*Asks:* 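One structure coming up, written as structure tokens, with questions to follow.
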Amino acid sequence: MIIATDDLEVNCPACKGEGVIKADTCHSCSGKGVILTSQGQTLLHFIKKHIDKE
Ligand SMILES: [Zn+2]
């Protein structure tokens, strides 16, 4: 299965990928400039499920 980065995250529509809005950290993406797509969230959830074991 091939997953492109664009399938996992997209530019944040609130700050248009800048990560900041008027010098303030964008709250929609926490300053990352990208937000996870549903596929990205699924993958992240899957990874965390298998990594976050103590
Ligand atoms: Zn943003």
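For ligands, and for the atoms within them, numbers begin at 1 and follow the listed sequence. Counting from 1, the numbers follow the sequence of the chain as shown. Please read all numbers here as calculations on a predicted model, not as lab measurements.
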*Asks:* Do you know the tightest heavy-atom contact between Ile35 and Ser28?
*Replies:* CG2-O, 3.9 Å
*Asks:* For Asp6 and Thr37, work out which heavy atoms get closest and say how close.
*Replies:*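 That closest heavy-atom pairing would be O-CG2, 4.3 Å.
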*Asks:* I need the SG(Cys15)-the Zn ion (ligand 1)-SG(Cys26) angle, rounded to 10 degrees.
*Replies:* 110°
*Asks:* When you draw lines from the Zn ion (ligand 1) to SG of Cys12 and to SG of Cys29, what angle lies between them, to the nearest 10°?
*Replies:* 110°
*Asks:* Strictly under 2.8 Å, is any N, O or S atom of His27 next to the Zn ion (ligand 1)?
*Replies:*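 Coordinating: no.
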*Asks:* Do Leu44 and Ile51 sit in one hydrophobic cluster, given that two such residues count as connected whenever their side-chain heavy atoms are within less than 4.5 Å of each other, even indirectly?
*Replies:* no
*Asks:* Which pair of non-hydrogen atoms, one from Val34 and one from Glu9, has the smallest distance, and what is that distance?
*Replies:* CG2-OE1, 3.4 Å
